[in-house]
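Accompanying notes for the structure given below.
Along the sequence shown, residues are numbered consecutively beginning with 1.
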Amino acid sequence: GGASEASTEEVGQNPSVAITTPEAYSTLVGTAAYKLDFNKEVTGLSGNELSSACEGSVQLTSSLGGSCYPIEIRTSDNISWEIDPLGELSDGSYTLTVTTDITDLSGTPLSSAISVHFDVRDALSTVSNNLEEDLIDAGLSRSLADSAREAARTAAVSETNDLLNV
């Protein structure tokens, strides 16, 4: 009857995804995490562990091109997923892409890839990232430069992070 037909349709249905955060052409802070919501349980989400050539099924890139940014991917139910860029993104335009390498639990792939374009406007992230790069360019080790960036961010955390009026 009707119940078995409904479950057959669901099994044969391709998984689909909505990028709920960020919204298309929205503006975020450099430390924001992103949210993907699928219509069923999925597997195969992966991304870059280092800033390098794009690999994996979830890719975060600058609109200027170049490498993919490293990300962490988390879920508790295999339906709602959080994508968290490692570190902080500086001011600029970015694209988050979800590829068809993601499948449901029976191996059926996403029917199509999806991307969203968004902007980051974050004075504090931009200044702290620039500080770290400048210190490395001046000859400090990456670990010392990262410590200095973290210290600067910690010291500035009590200040207003005015994203649009700097």
Side-chain angles (χ1 to χ4, degrees), residues 15-105 107-133 135-136 140-157 161 163:
S16 63
V17 62
I19 300 174
T20 54
T21 305
E23 293 179 11
Y25 304 104
S26 61
T27 300
L28 305 171
V29 295
T31 55
Y34 317 124
K35 189 162 188 251
L36 308 178
D37 287 316
F38 291 84
N39 64 334
K40 58 186 353 185
E41 290 185 78
V42 294
T43 187
L45 278 78
S46 62
N48 282 49
E49 293 181 13
L50 302 170
S51 187
S52 60
C54 293
E55 54 189 42
S57 57
V58 181
Q59 301 173 355
L60 176 62
T61 56
S62 166
S63 296
L64 299 175
S67 299
C68 270
Y69 291 91
I71 56 175
E72 283 184 1
I73 302 171
R74 295 184 287 274
T75 187
S76 59
D77 60 7
N78 292 333
I79 294 173
S80 292
W81 295 75
E82 184 177 86
I83 311 301
D84 193 0
L86 296 177
E88 304 171 36
L89 299 180
S90 295
D91 284 4
S93 296
Y94 297 87
T95 302
L96 180 65
T97 301
V98 180
T99 73
T100 57
D101 294 336
I102 297 167
T103 65
D104 66 15
L105 301 183
T108 306
L110 279 180
S111 49
S112 62
I114 185 174
S115 294
V116 66
H117 305 283
F118 63 97
D119 291 325
V120 168
R121 296 286 176 262
D122 187 333
L124 185 53
S125 291
T126 300
V127 168
S128 64
N129 287 341
N130 288 345
L131 172 65
E132 180 178 27
E133 290 307 313
L135 291 173
I136 291 169
L140 258 67
S141 70
R142 182 163 292 281
S143 64
L144 279 175
D146 186 55
S147 295
R149 181 184 58 79
E150 286 299 319
R153 179 171 252 305
T154 301
V157 79
N161 188 1
L163 305 177

(message) Among Leu96, Thr95, Thr61, exactly one meets side-chain contact (heavy atoms from CB on, under 4.5 Å) together with Ser115. Which residue is that?
(response) Thr95

(message) Tell me the closest heavy-atom pair linking Gly47 and Ile73, and the distance in Å.
(response) N-CD1, 3.7 Å

(message) Return the CD1 to NZ distance between Ile79 and Lys40, rounded to the nearest 0.5 Å.
(response) 10.5 Å

(request) Search all heavy atoms of Pro22 against all heavy atoms of Leu28 and return the closest pair with its distance. (result) CB-CD1, 3.4 Å

(message) Looking at Glu49, I'd like to know if its CD atom is crowded, meaning that more than 12 non-hydrogen atoms belonging to other residues, nucleotides or ligands lie closer than 6.0 Å.
(response) no

(message) Does any part of the side chain of Val98, heavy atoms only, come nearer than 4.5 Å to the side chain of Ile83, both counted from C-beta?
(response) no

(message) Would you compute the distance between atom CD of Glu82 and atom CD of Glu72 and round it to the nearest 0.5 angstrom?
(response) 9.0 Å

(message) Please check: side-chain N/O of Asp119 versus main-chain N/O of Tyr25, any donor-acceptor pairing under 3.5 Å?
(response) no

(message) Closer than 3.5 angstrom, by distance alone: can the side chain of Thr20 be matched with the main-chain N or O of Lys35 as a donor-acceptor pair?
(response) yes

(message) Please check this pair: side chain of Ser16 against backbone of Asn39, looking for a donor-acceptor N/O pair closer than 3.5 Å.
(response) no

(message) Once rounded to the nearest 0.5 Å, what's the spacing between atom CZ of Phe38 and atom CG of Leu110?
(response) 5.5 Å

(request) Quick one: pull up CG in Leu45 and OG1 in Thr75 and give me the separation to the nearest 0.5 Å. (result) 8.0 Å

(request) With side-chain contact (heavy atoms from CB on, under 4.5 Å) as the test, would you mind laying out the steps for Leu105 and Thr43 before giving the verdict? (result) CA-CA 6 Å; Leu105 301 183; Thr43 187; 4.3 Å; yes

(message) Once rounded to the nearest 0.5 Å, what's the spacing between atom OG1 of Thr21 and atom CZ of Phe118?
(response) 10.5 Å

(message) Could you check whether any side-chain heavy atom of Val120 comes within less than 4.5 Å of a side-chain heavy atom of Ser90, counting everything from C-beta outward?
(response) no

(message) Within a 6.0 Å radius of atom CD on Glu55, are there more than 12 heavy atoms belonging to other residues, nucleotides or ligands?
(response) yes

(message) Looking at every heavy atom in both Ile136 and Ser141, which two are closest together, and how far apart are they?
(response) CG1-O, 4.4 Å

(request) Identify the heavy atoms of Ser67 and Cys54 that sit nearest to each other, and give their distance. (result) C-SG, 4.5 Å

(request) List the steps and the verdict of side-chain contact (heavy atoms from CB on, under 4.5 Å) for Val17 and Trp81. (result) CA-CA 10 Å; Val17 62; Trp81 295 75; over 6 Å; no

(message) side-chain contact (heavy atoms from CB on, under 4.5 Å) for Ile19 and Ile114? Distances and angles first, verdict last.
(response) CA-CA 8 Å; Ile19 300 174; Ile114 185 174; 4.1 Å; yes

(request) Evaluate side-chain contact (heavy atoms from CB on, under 4.5 Å) for Thr103 paired with Thr108, printing each intermediate quantity in order. (result) CA-CA 5 Å; Thr103 65; Thr108 306; 5.9 Å; no

(request) Could you grab the distance from atom CG of Asp101 to atom OG of Ser46, nearest 0.5 Å is fine? (result) 7.0 Å

(request) Determine the minimum heavy-atom distance between Arg121 and Thr27, stating which atoms define it. (result) CG-CG2, 3.5 Å

(request) Going by the side-chain contact (heavy atoms from CB on, under 4.5 Å) test, name the single residue among Tyr34, Tyr69, Tyr94 that passes it with Pro85. (result) Tyr34

(request) Search all heavy atoms of Thr100 against all heavy atoms of Ala113 and return the closest pair with its distance. (result) CG2-N, 3.5 Å

